[in-house]
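The next block holds one structure in the form of structure tokens; read it before the comments.
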Number of protein chains: 2
Amino acid sequence: MSLPHALLTSLAERPCSGLELAGRFDRSIGFFWQATHQQIYRELARLEEAGWVRSTAVEASRGRKRNYELLPAGRKELKRWVVAGDDPKPLRDELMVRLRAEAAIGPLGLQKEMRRRLALHEEKLATYQAIEAKDFADPDASREDRLRHLVLRAGLMQEAMWIELAREAIAILES
Amino acid sequence: MSLPHALLTSLAERPCSGLELAGRFDRSIGFFWQATHQQIYRELARLEEAGWVRSTAVEASRGRKRNYELLPAGRKELKRWVVAGDDPKPLRDELMVRLRAEAAIGPLGLQKEMRRRLALHEEKLATYQAIEAKDFADPDASREDRLRHLVLRAGLMQEAMWIELAREAIAILES
DNA sequence: CGGGGCATGTAACCTGTTACATGATTAG
DNA sequence: CTAATCATGTAACAGGTTACATGCCCCG
């Protein structure tokens, strides 16, 4: 149940409208948490109901832009949640199921799909590296920037891991 | 939508009952795909409906053990799915949201939770390494075993990545 | 004044989660 | 014969996904 807190975080960074939030979930936040605009509108309504955010109140507001901002109660809830313990969700990946099936009933020609995946991950890694070079070059960055950099590095490491795995998989599948 | 195919894969490895499948999803398969027995029973009913698996047919079978086995149509479906293209699901992790929130409204004392996570991942890594040493020591393993080994290595690399990230996070949070 | 893009919203559905219910089998 | 355990199942709900609907606003 992180979506509400991802929204609170984003609103803490800067107040904005629902659609603008959706945009952020396609970019920066979306690197580690995704949400569609439908989900966001549903959740924003709940957050307002709970008194955690406030919007420029307009009745019958379909089509009208609404700006949301974080309220003190929302900030308090976010602070509570950040330091709350929570067990990590284990790895859950379809590709592992495919490899296991290939082992059980193969060979089926999984190399082709693995090569496609390899290319995708290499492309994404390049994208992340470009962002890193552009936004996080400063070696004496602030604590805030170093934390944001770390989040990006998580994405980088993830992609590097997939690339390594895809290469090993291809080597086995082709032997 | 991988659960049905994870079940087909498991049944391809060996026919068995629903509860036994649930057991496997707590062990080997569960390292990369999880499911509760409720989910498994629901899905098995669908797979049988679709003609992909067959069970020892007993009417009004509550409480009676049912053994399931893969049918040719199920095997065909599994083969189709294994090589079907599918975009990787991006990283989705609550901890990244927490780090971003810590950057936005911190410091909040996230170190404590990070240290707990670090210990959890170190423990899991040790578990995986023990399995690796026990089951995958042979350097001249079969193609099948090398694929299974690769799946385990994915888990190992994942845990190693989290350990590295947790350490870097703690260093930043404590500076 | 009409069409396209911006912005919000509804509805239906699927997967996964949690809590609980019930029947069969076996050990003592 | 009864308690524990094996085994299957029902119900309700929450979160995520997809398709679609509606209203506002500005530009030509």
Side-chain angles (χ1 to χ4, degrees), chain A residues 1-8 10-11 15-26 29-30 32-50 53-68 81 86-94 97, chain B residues 1-8 10-11 15-26 29-30 32-50 53-68 81 86-94 97:
Chain A
M1 230 198 41
S2 301
L3 176 58
H5 300 95
L7 290 170
L8 293 175
S10 199
L11 289 173
C16 68
S17 71
L19 204 67
E20 203 178 328
L21 280 170
R24 291 189 206 169
F25 275 78
D26 279 341
I29 304 254
F32 53 89
W33 204 270
Q34 303 83 44
T36 60
H37 77 268
Q38 292 90 334
Q39 249 182 300
I40 289 168
Y41 287 126
R42 179 164 62 186
E43 201 59 45
L44 280 173
R46 287 176 192 161
L47 295 179
E48 190 164 22
E49 175 76 18
V53 305
R54 181 178 60 176
S55 73
T56 56
V58 184
E59 315 252 336
S61 61
R62 192 164 199 155
R64 292 288 276 257
K65 185 166 180 172
R66 288 165 81 99
N67 270 288
Y68 286 87
W81 176 82
D86 188 22
D87 285 347
K89 301 273 173 291
L91 180 64
R92 194 175 229 194
D93 199 280
E94 301 199 356
V97 182
Chain B
M1 229 199 40
S2 301
L3 177 57
H5 300 96
L7 289 170
L8 293 175
S10 200
L11 289 175
C16 68
S17 71
L19 204 67
E20 204 179 327
L21 280 170
R24 290 189 206 168
F25 274 79
D26 278 342
I29 305 251
F32 52 90
W33 204 268
Q34 303 83 45
T36 60
H37 78 268
Q38 292 91 335
Q39 249 183 300
I40 289 168
Y41 286 126
R42 179 164 63 187
E43 202 59 45
L44 280 173
R46 287 176 192 163
L47 295 179
E48 191 164 23
E49 175 77 17
V53 304
R54 182 177 61 177
S55 73
T56 55
V58 185
E59 316 251 336
S61 62
R62 192 165 198 153
R64 291 288 274 258
K65 187 167 179 172
R66 290 165 82 98
N67 269 286
Y68 286 87
W81 176 82
D86 187 23
D87 286 347
K89 301 273 173 292
L91 181 65
R92 194 175 229 192
D93 198 282
E94 301 198 355
V97 182

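Below, chain A is the first sequence line, B the second, and so on; all start at residue 1.
In the interface, the side chain of A:R62 is paired with the base of D:dA21 through a donor and an acceptor atom under 3.5 Å apart. No N or O donor and acceptor, one from the side chain of A:R66 and one from the base of C:dG9, sit under 3.5 Å apart.
Between B:E43 and B:H37, the one whose closest nucleotide on DNA chain C sits nearer the 5' end is B:E43.
Rounding to whole angstrom units, CD1 of residue B:I40 and C1' of D:dG9 are separated by 13 Å. Whole-Å rounding puts the B:K65 NZ to D:dC6 P distance at 11 Å. Rounded to whole angstrom, the span from the CG atom of B:L7 across to the C1' atom of C:dT15 amounts to 13 Å. When the C1' atom of C:dT17 is taken as reference, atom CZ of B:R42 falls 9 Å away, rounded to whole Å.
The phosphate of D:dG15 has neither OP1 nor OP2 within less than 4.0 Å of any side-chain N or O from A:Q39. Residue A:R46 places at least one side-chain N or O closer than 4.0 Å to OP1 or OP2 of D:dG15. Dashed line: the shortest gap from a side-chain N or O of A:Y41 to OP1 or OP2 of C:dG9 is not under 4.0 Å.
Direction change of the helix axis from one end of the helix from C:dC1-D:dG28 to C:dG28-D:dC1 to the other is 10°, with five pairs defining each end axis (rounded to 10°).
Among D:dT8, D:dT17, C:dG16, the nucleotide with an atom closest to any side-chain atom of A:R92 is C:dG16. If you check C:dA24, D:dT8, D:dT18 against the side chain of B:R64, the one that comes closest is C:dA24. Closest contact between the side chain of B:M1 and the listed nucleotides D:dT8, C:dA7, C:dT15 involves C:dT15.
A:I40 has its side chain out of reach of A:L19: every pair of non-hydrogen atoms, C-beta onward, lies at least 4.5 Å apart. In this structure, A:C16 and A:L11 have side chains that are in contact, with non-hydrogen atoms separated by less than 4.5 Å. Residues B:W81 and B:D86 fail the side-chain proximity criterion, which asks for heavy atoms closer than 4.5 Å. With a 4.5 Å cut-off on side-chain heavy atoms, A:V53 and A:L7 do not count as touching.
Residue A:Q38 is classed as a base contact, given a heavy-atom separation below 4.0 Å to a base.
The pair A:E43-A:R46 meets the salt-bridge criterion, with a side-chain N (NZ, NE, NH1 or NH2) lying under 4.0 Å from an Asp/Glu carboxylate O.
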